[in-house]
There are 2 protein chains.
Amino acid sequence: MTKQIQKNEASLKVFKALADPIRLEIIRYLNGLDHEVACGEVGHAMQISKTSGSYHFKILQEAGLITVQKIAREKYVQLDRSTFDHYLTHFWQNI
Amino acid sequence: MTKQIQKNEASLKVFKALADPIRLEIIRYLNGLDHEVACGEVGHAMQISKTSGSYHFKILQEAGLITVQKIAREKYVQLDRSTFDHYLTHFWQNI
DNA sequence: TAAATAGTTCAAAAATATTTGAACTATTTT
DNA sequence: AAAATAGTTCAAATATTTTTGAACTATTTA
């Protein structure tokens with residue numbers, strides 16, 4: 001019975017979202033674009049399965065690190081820089 | 001056979017170190033001090049076992065988030081703010 | 001010197017995170 | 001209408017992380 005106290009603070013969610021090599025790659029990819037891209041395009045560039053992509057994009061979204069817009073059949077994603085700024089750039093102010 | 005590609009970049013190590021509620025607590029505790037404290041004192045304040053403390057301090061140290069100085073029987077730790085600044089505050093410059 | 005204190009190491013157990021493939025919904029194209 | 005495309009959901013398999021307690025080293029105190 002070692003269950004961790006689930007404070008589930010926003011900051012923990014953000015750092016957990018950043019603590020994965022694929023998601024860091026996705027973030028770097030999106031950072032080089034600065035406009036919306038379809039999940040599929042990103043997933044293809046990362047060479048991951050669509051199921052895995054779906055999983056990772058959900059985690060990024062729930063952490064608030066990306067914004068998502070569904071247009072027809074596709075889901076377009078983009079970095080939400082305000083979240084990065086809040087938890088990373090302004091880390092000491094919000095710790 | 002799902003082993004992840006171990007790029008083990010420094011930034012990944014840092015975010016993994018931050019992705020745990022106990023370690024975030026430790027960081028907040030140390031941030032409120034700004035001078036060295038013994039591991040035991042911190043662990044006691046966090047209400048964790050010494051084994052668990054030893055584990056978490058090792059992860060923080062290997063990520064470069066704390067500096068450690070052993071004096072006699074005790075190990076004194078302190079935040080290494082330059083690492084926080086590099087990976088968090090200056091995130092966009094180092095991504 | 002014996003006992004106490006601070007911390008580490010180890011392997012097993014427990015908890016959590018990630019991947020996989022199949023089946024599914026919704027939309028678009030032919 | 002059928003086939004193709006984009007993405008989701010689910011449960012099982014796998015991988016990784018964290019906790020636990022016992023045994024250990026090194027130092028200090030009685």
Side-chain angles (χ1 to χ4, degrees), chain A residues 1-9 11-27 29-30 36-63 65-78, chain B residues 1-9 11-27 29-30 36-63 65-78:
Chain A
M1 242 319 326
T2 336
K3 184 157 286 170
Q4 256 173 198
I5 308 115
Q6 253 299 51
K7 278 185 85 180
N8 217 54
E9 330 159 49
S11 59
L12 181 57
K13 224 172 196 174
V14 166
F15 291 124
K16 282 189 179 214
L18 294 167
D20 177 272
I22 291 181
R23 294 194 291 271
L24 280 182
E25 255 199 283
I26 292 174
I27 288 165
Y29 183 87
L30 295 177
E36 294 194 321
V37 225
C39 285
E41 182 184 329
V42 186
H44 186 260
M46 307 294 115
Q47 315 211 84
I48 56 178
S49 70
K50 59 186 184 165
T51 313
S52 173
S54 187
Y55 170 72
H56 288 297
F57 285 114
K58 190 170 94 180
I59 294 209
L60 289 170
Q61 177 179 15
E62 287 178 348
L65 293 171
I66 59 174
T67 58
V68 166
Q69 196 188 356
K70 189 159 190 193
I71 298 179
R73 192 157 67 164
E74 293 172 290
K75 208 172 113 176
Y76 291 88
V77 297
Q78 193 172 22
Chain B
M1 243 316 326
T2 333
K3 185 156 287 171
Q4 257 173 198
I5 309 114
Q6 254 299 53
K7 277 185 85 180
N8 218 52
E9 329 159 48
S11 60
L12 182 57
K13 221 172 201 177
V14 167
F15 291 125
K16 282 189 178 213
L18 294 167
D20 177 272
I22 291 180
R23 291 193 294 268
L24 281 181
E25 255 199 285
I26 292 175
I27 288 165
Y29 183 86
L30 294 178
E36 295 195 319
V37 223
C39 286
E41 182 185 328
V42 186
H44 186 259
M46 307 294 116
Q47 317 211 85
I48 57 178
S49 69
K50 60 185 185 168
T51 314
S52 174
S54 186
Y55 170 72
H56 288 297
F57 285 115
K58 190 171 96 182
I59 294 211
L60 290 170
Q61 178 178 17
E62 286 178 349
L65 293 171
I66 59 174
T67 57
V68 167
Q69 196 190 354
K70 190 158 187 194
I71 299 180
R73 189 156 71 164
E74 293 173 289
K75 207 171 113 176
Y76 290 89
V77 297
Q78 193 172 21

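All chains are named by letter (A, B, ...) in the order of the sequence lines, taking the proteins before the strands, and each is independently numbered beginning at 1. It should be emphasised that the depicted structure is a prediction, and the values quoted were computed from it without experimental measurement.
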Report the C-alpha separation of A:Gln61 and A:Lys75 in whole Å, then their side-chain angles, then the decisive distance to 0.1 Å, and conclude whether the side-chain contact (heavy atoms from CB on, under 4.5 Å) test is met. CA-CA 12 Å; A:Gln61 177 179 15; A:Lys75 208 172 113 176; 4.2 Å; yes
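For B:Asp20, the side-chain atoms get nearest to D:dT18 when compared with the rest of C:dT20, D:dT18, C:dT18.
Applying the side chain to side chain donor-acceptor pair (under 3.5 Å) criterion to B:Glu36, with sequence neighbours excluded, gives no partner residue. Residues satisfying the side chain to side chain contact (heavy atoms under 4.5 Å, CB included) test with A:Ile59, not counting sequence neighbours, are A:Ala17, A:Arg23, A:Tyr55.
Taking every heavy atom of both residues into account, A:Val14 and A:Ala63 meet most closely at CG2-O, 3.6 Å.
If you check every strand for non-hydrogen atoms under 4.0 Å, B:Ile59 touches sugar and phosphate atoms only.
With respect to B:Ile26, the side-chain contact (heavy atoms from CB on, under 4.5 Å) criterion is satisfied by exactly one of B:Ile66, B:Val77, B:Leu60: B:Leu60.
In this structure the side chain of A:Phe57 never reaches within 4.5 angstrom of the side chain of A:Val68, judged on heavy atoms.
Distance CD1 (B:Ile26) to C1' (D:dT18): 13 Å, rounded to an integer number of Å. Separating the CZ atom of A:Phe15 from the P atom of C:dA17 is a distance of 16 Å, rounded to the nearest angstrom. In this structure, A:Glu62 atom CD and C:dA17 atom P are separated by 12 Å, rounded to whole Å. Distance, B:Lys16 NZ to D:dT16 C1': 7 Å, rounded to whole Å. Atom CG in B:Leu24 sits roughly 16 Å away from atom P in D:dT17 (whole-Å rounding). In this entry the distance linking CG of A:Leu18 with P of C:dA17 reads 15 Å, nearest Å.
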Letter per nucleotide, 5' to 3', of nucleotides 1-9 of chain C [B base touched, S only sugar-phosphate touched, - untouched; heavy atoms, 4.0 Å]: ---BBSBBB
Anything under 3.5 Å between a donor and an acceptor, one on a side chain of residues 39-54 of chain B, the other on a protein residue two or more places apart or in another chain? List them.
unit_1	atom_1	unit_2	atom_2	d
B:Glu41	OE2	B:Tyr29	OH	3.3
B:Ser49	OG	B:Ser52	N	3.1

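Fit an axis to the five pairs at each end of the helix from C:dT1-D:dA30 to C:dT30-D:dA1 and the two axes sit 10° apart, to the nearest 10 degrees.
At a cut-off of 3.5 Å, with distance as the only test, no side-chain donor of A:Tyr76 or A:Gln78 sits close to an acceptor on the other residue.
Distance check, rounded to the nearest 0.5 Å: CD of B:Glu25 to CG of A:Leu12 gives 11.0 Å.
Not one side-chain nitrogen or oxygen of A:His56 sits closer than 4.0 Å to the OP1 or OP2 atom of C:dA17.
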